[in-house]
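Take a look at the structure below.
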Amino acid sequence: MSERYADVILNISHESVDRPFTYMIPEDLCGKLTPGTAVQVPFGNAKEAKLGYVLALRKEAPTGFQLREILGIAEKKVGVEERLLTLAVWMHEHYGCMLNQALKTVLPVKEAVKARPRKTGATGRGEAKDALLSRELTAEQQAVLSELRRAETEKAGGSYLLFGVTGSGKTEVYMRCIEEQRRLGKQAILLLPEINLTFQTVRYLEERFGEEVAIIHSKLSKGERYRQFHRAARGEATVMVGPRSALFAPFPNLGLIIIDEEHDGAYRNDAVPRYDAREVAAKRAELAGAQLILGSATPSVESWQRATQGEYRLLRLTKRAVSGAVPAEATVVDLRDELREGNRSVFSRALSEKIMVRLSRGEQVMLFMNRRGYARFLSCRSCGEALRCPHCDVTLTLHEDGSLRCHYCGYRTVKPERCPSCGSPYLAGFGMGTQQLVEQTGRMFPAARILRLDADAVRGKDGGQSILEKFRAGKADILIGTQMIVKGHDFPNVTLVGVMAADTELYANRYTSAERCFQLLTQAAGRAGRANKRGEFVIQTYRPEHYAIQSAAAQDYERFAAAELAYRRAAGYPPVLHMLTIQLAAKDETALTRAAALFADCLKIATALAAEAPQCIGPVNAGVYRVQDYFRKMIYMKHACYDILIQIKTAAEEAFRAQIPGGISLLYEFV
DNA sequence: AGCACGCCGACT
DNA sequence: GTCGGCGTGCTC
């Protein structure tokens, strides 16, 4: 071995040392290091040795440095598999985070926790058996599987979009694919949105894969999490199931990555690095030569476009594998007509009639309203001023206990007696929230037992579990809530779902608002009617003609996707063009303005040097300009080629950092 | 991130 | 004269 030197990345979160350093490899470590090995190195004048990771081995040393020696291999650290390291570098470049932040993401647990006696799983064997396998596959499932198997023998890898209606048996297809990989001696990763990682799911998977499945979820302790990753690294586990972070399971011979409910927003990490698990999964699959399967009944438009353009192979499951469940019957109510006819209540006549029917039959109702609190804002009837948060550029939400709260920063104050700007005592609440909806529902249906589930109800005690259980047990007739209630939970006795104001989502100032609206409505529709009871679904709206509402009512995904893609094309939004958003934030507004202008200049210069010029918008103030006393400005860059955006961003950032001292935070996100 | 180096104010 | 403030700059 003539590789006498190693490039090491240090485990220090600071941009000034966020680059590799070259060290000599001492005699006794020769041949023992591979990319990803955790090592102890001397650094600067630091008294203690620093932890670092070998990034690459090299034969020649760079000149101009007095090289120092690696002290030794850091024990009790899981070495990073080489490809995972490559993945970290890729994430560093694509999401604008520091290398060591990317590393921390890729190796979620670095430190071994003292080995504790293993908890014997509370998993009772046998009970979940009936819920799974041994069922005959449908013809469609067979076809999908043989398609996947054929591709596997032709050449490893490939990406697939499994577009399957609810109840078409996607999960069974996943299970068979995972078993196939096991037979081939390869490992598989199954990603699920956190909300789907329920006790039942976990038990089902353990039934199916026994000791070979490693499951991670948010309630796991750090030590247990570490153990699961360690089992994957040592080959004790061959299947990793979990949320986004399960993507980084250190499997040596990964053969398959499945992302279930791929449209789910939970696949975007909201902390640094702001990665999209679907993109990272595609990259990891590419590096490992593994197959990638994205599954959904309502795919994201990005994935749909890729599938229709042949980048992903489209696999369809159009028929329900389970007989009985019928899609809910939808009614769209135009709220403008209600007002015209003199109905000033929040319940349209159609909705209140349908609620009455359910109540008389002893069936349950869910009402969805995407705004918590009592009233959206409090404003003065004399001068028109609304009460605003002193730290953010938003109005304060009125809560039923008389408090005024900021939903951005958590600021709280009591409702004043008089208007702070003119002294008038006439303050009135506008815009209804869930708390007021509970009140109004109680007035409208005095006999009904009502429960509320939103972020406020969830806070504290058991995270809303008792509310859900109470409702499931039939101890209430109507459940009122925010989007929390439409995700995941199934209540067999719910036969009516009402969306109080479908438009709130549409008016959100984002290019994805129609897609979000469609997804929420589709999920809400899915809550109505199970098995033998036909469900009904009522959408109240001021824009009944909108394609998101029309296609959600018709439960026609493809119609929605076509309309949405046409809109994205016309407006030049993703996935037609890639869009990089750059957010600059600072407490000092003047410094921010200066920094934003400087960044824009750096972008201009970087653009001039690049082969192709992206479209740049901004700097403009963020939709909510100030949050928690930080001012925020945005710059948007759009271009058909992803790499051009990365290249220009990287060059601009370098020039920018050379000129700006600090106090300005910079955030990148591909949207 | 750490730690040293360096160049100006009040102390035994 | 020197002890110590933290601005600036470097670490393979």
Side-chain angles (χ1 to χ4, degrees), chain A residues 1-80 82 85-86 88-89 91-93 95-111 222 271-274 584-588 590-592 594-595 598 602 630 650 653-668:
Chain A
M1 272 293 147
S2 53
E3 278 152 346
R4 310 279 311 158
Y5 307 96
D7 286 345
V8 172
I9 174 79
L10 294 152
N11 189 28
I12 301 173
S13 279
H14 197 279
E15 62 207 47
S16 57
V17 288
D18 189 42
R19 62 197 157 87
F21 290 86
T22 308
Y23 286 84
M24 288 189 286
I25 302 172
E27 207 71 49
D28 60 315
L29 289 182
C30 248
K32 288 187 180 165
L33 303 179
T34 55
T37 310
V39 288
Q40 299 281 355
V41 289
F43 189 67
N45 297 306
K47 289 190 198 83
E48 305 219 328
K50 295 280 174 212
L51 174 64
Y53 296 95
V54 176
L55 204 58
L57 298 172
R58 45 156 84 214
K59 296 186 171 99
E60 316 228 326
T63 51
F65 296 114
Q66 184 60 51
L67 296 189
R68 298 169 82 175
E69 278 198 340
I70 289 177
L71 300 172
I73 293 174
E75 297 300 334
K76 291 188 182 165
K77 314 275 175 191
V78 179
V80 201
E82 186 177 346
L85 211 81
T86 314
V89 174
M91 287 174 75
H92 154 72
E93 285 166 358
Y95 301 110
C97 64
M98 282 182 277
L99 240 181
N100 43 54
Q101 287 175 316
L103 276 169
K104 272 186 195 132
T105 310
V106 166
L107 10 141
V109 197
K110 312 187 297 290
E111 265 148 82
K222 269 196 156 188
V272 177
R274 303 199 155 226
L584 295 107
K587 280 198 173 180
D588 181 343
T590 326
L592 177 65
R594 210 171 334 115
L598 178 67
C602 293
Y630 278 86
T650 309
E653 184 185 2
E654 202 175 306
F656 174 77
R657 290 221 191 267
Q659 292 176 63
I660 279 282
I664 306 282
S665 85
L666 206 54
L667 198 73
Y668 301 103

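Letters A, B, ... mirror the listed sequences (proteins, then strands); counts begin at 1.
- Here A/D18 pairs with nothing under the salt bridge (charged side-chain N to carboxylate O under 4.0 Å, His left out) rule; sequence neighbours left out.
- Under the side-chain contact (heavy atoms from CB on, under 4.5 Å) criterion, A/A88 pairs with A/A102, A/L103, A/V106, sequence neighbours left out.
- Applying the side chain to side chain donor-acceptor pair (under 3.5 Å) test to A/R58 and every residue at least two apart in sequence or in another chain returns A/D7.
- Among residues two or more places apart in sequence or in another chain, the ring-ring contact (aromatic ring centres under 6.0 Å, His included) test is passed with A/Y95 by A/W90.
- Shown here are the side-chain contact (heavy atoms from CB on, under 4.5 Å) partners of A/K59, two or more places apart in sequence or in another chain: A/S2, A/E3.
- Every residue two or more places apart in sequence or in another chain was checked for a side chain to side chain donor-acceptor pair (under 3.5 Å) with A/Q101, and none qualifies.
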Contacts under 3.5 Å, N or O only, protein and nucleotides 5-7 of chain B:
none

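- For A/R68, there are no salt bridge (charged side-chain N to carboxylate O under 4.0 Å, His left out) partners at least two apart in sequence or on another chain.
- By the side-chain contact (heavy atoms from CB on, under 4.5 Å) test, A/E69 is found to be paired with A/M24, A/P26, residues two or more places apart in sequence or in another chain being considered.
- Using modelled atom types, one side-chain atom of A/Y23 and one backbone atom of A/P42 make a donor-acceptor pair closer than 3.5 Å.
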Would you tabulate the pairs of protein nitrogen or oxygen atoms and nucleotide nitrogen or oxygen atoms of nucleotides 4-7 of chain C closer than 3.5 angstrom?
none

Where do N or O atoms of nucleotides 9-12 of chain C meet protein N or O atoms at under 3.5 Å, pair by pair?
residue	atom	partner	partner atom	Å
C/dT11	O3'	A/G44	N	3.2
C/dC12	OP2	A/R68	NH1	2.7
C/dC12	O3'	A/T22	O	2.8
C/dC12	O3'	A/R68	N	2.8
C/dC12	O2	A/T22	N	2.7

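- Residues meeting the ring-ring contact (aromatic ring centres under 6.0 Å, His included) test with A/F43, sequence neighbours left out: A/F21.
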